[in-house]
Amino acid sequence: MLKVFKFGGASVKDAEGVRNVLKVLKTTGDSDKLVVISAMGKTTNALEIVVRDYLNQASFANSLQIVKNYHELILDELFEYKQHPVFLKIYQLFEELENFLKHNKSLKYDFVYDQIVSFGELVSTTIVSEYLQDQELKNTWLDARKLIKTNSTYRDAHVNWEKTQAIIQTEVETNKLNITQGFIGSDPNNFTTTLGREGSDYSAAIIAYCLNAESLTIWKDVQGVLNADPRYFTKTELLQQISYEEAIELAFYGASVIHPKTLQPLQRKEIPLFVRSFIELDKEGTAVSKGQKIVPNIPCFIVKKEQVLISLSSRDFSFMVEENISEIFKLFHKYQMKVDLIQNSAISFRVCVDNKFNHLEKLLQHLKARFKVDFKTGVSLYTIRHFDEAAINELEKDKRVLLKQLTQNTVQLVTEN
Ligand code: ASP
Ligand code: MG
């Protein structure tokens with residue numbers, strides 16, 4: 001039965017990373033697989049700069065050259081024989097990109113973005129596929145734009161599941177080794193679309209769903225899903241087993257290991273997800289599947305920095321009731337403020353929000369017309385799932401807590417910094 005693998009940008013950021021993909025495939029068996037690969041390293045960011053320069057009608061020659069040089073370096077390291085057909089293939093891909101830049105008339109950012117940025121994945125998969133071939137690992141390169149059909153919401157395309165499933169089931173030979181791109185698809189007019197930043201996990205889940213795969217493995221530069229983000233916490237532990245629900249909860253509160261959209265298609269068909277280290281191949285990592293809630297059963301810590309705490313009360317001391325609250329939520333929606341936490345009493349209403357789209361000023365202006373408003377920017381929101389007293393104490397000991405909320409499984413704290 002087919003297994004789906006996904007390698008992210010960090011796993012193919014240099015020649016050594018590409019060689020490691022070969023090693024992983026040799027260790028785990030090289031047939032009955034479909035391998036989804038992202039753009040190499042930070043290529044997507046670099047291509048975003050090309051988009052910016054191009055649309056600003058500035059010269060994009062430099063920003064594009066950076067992308068070319070980066071891949072050339074990797075190619076030179078992987079292929080000693082300079083006549084190897086991969087060089088021509090990559091040259092042609094960049095030529096195709098330049099042709100688009102030359103002939104395109106659209107000034108629509110989202111559309112132009114997808115047509116340009118998608119080359120990161122096309123180039124990376126071509127290099128990996130050719131390298132594997134060169135090392136005698138026969139494989140089929142598949143164009144994900146032919147496999148994943150979407151609507152035309154560029155940069156956040158929605159999958160047409162029926163079409164996608166039909167195509168994938170006829171096009172993919174599941175007994176072979178297949179290589180394809182994450183992140184990209186195409187719309188009804190065959191223009192390239194993308195599924196949103198970090199969308200390769202989601203691509204892998206879509207394909208796993210359509211092929212009723214045995215499992216999906218996401219290979220990462222960490223051991224698996226940890227109980228805390230090592231950037232903010234000194235002590236972290238590996239979660240060996242979590243349920244789909246637990247993974248969705250962790251992602252909801254801001255844990256960044258698994259792209260949240262990835263879980264739903266997997267859960268629908270109960271396809272297990274493994275998150276494993278591409279370095280320590282003998283370690284099992286984390287299994288996400290049905291059943292068993294969480295092993296080991298330890299507190300999980302999630303932090304979101306740079307949040308805003310807003311306190312509202314009525315000007316005339318009247319109660320904060322449904323009418324006011326629904327009005328407030330309409331404004332949050334209008335200004336794209338993601339609400340992390342809500343606490344209300346008779347005359348006040350407090351929320352912690354994520355000012356991701358920088359609309360705070362406008363929102364506050366609007367709110368001030370109706371309510372007494374207090375706010376504090378730069379606060380942190382800590383969430384502990386499966387908390388115990390010790391976990392809360394540990395977190396509270398060196399912080400000023402502005403708001404605290406407990407439910408059965410989860411405690412949330414808004415702190416000053
Ligand atoms: N290359 C894309 C990005 O960096 C997709 C992905 O890596 O998942 O957002
Ligand atoms: Mg990436």
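We're numbering straight along the sequence, starting at 1. Remember, it's 1-based here, ligands and their atoms both numbered in the order they're listed.
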Please list, in number order, the atoms of ligand 1 under 4.0 Å from a heavy atom of T44.
1 (N), 2 (C), 3 (C), 4 (O)
More than 12 heavy atoms of other residues, nucleotides or ligands under 6.0 Å from CD of Q264: is that the case?
no
Could K376 and D374 be called an ion pair, given the rule that one side-chain N must be under 4.0 Å from one carboxylate O?
no
Face-on cation placement of K3 at F274 ring, 6.0 Å and 45° thresholds
no
For ligand 1, is E121 a contact, meaning one of its heavy atoms is under 4.0 Å away?
yes
Is there a polar contact between ligand 1 and G199, counting only N or O atoms under 3.5 Å apart?
yes
Check the pair W219, F5 against side chain to side chain contact (heavy atoms under 4.5 Å, CB included), reporting the backbone distance first and the verdict last.
CA-CA 7 Å; W219 298 92; F5 279 6; 3.4 Å; yes
Against ligand 1, does G182 come closer than 4.0 Å with any heavy atom?
no
Taking 4.0 angstrom as the limit and counting only heavy atoms of R197, give me the atoms of ligand 1 inside it, by number and element.
3 (C), 4 (O), 9 (O)
Of all residues at least two apart in sequence or in a different chain, which pass the side-chain contact (heavy atoms from CB on, under 4.5 Å) check with V353?
V308, I310, F332, M337, V339, V351
So, is D201 polar-close to ligand 1, with some N/O to N/O distance under 3.5 Å?
no
Any nitrogen or oxygen of S200, main chain or side chain, under 3.5 Å from a nitrogen or oxygen of ligand 1?
yes
Is the NZ or CZ atom of K338 positioned over F252's six-membered ring, under 6.0 angstrom from the centre and within 45° of the axis?
yes
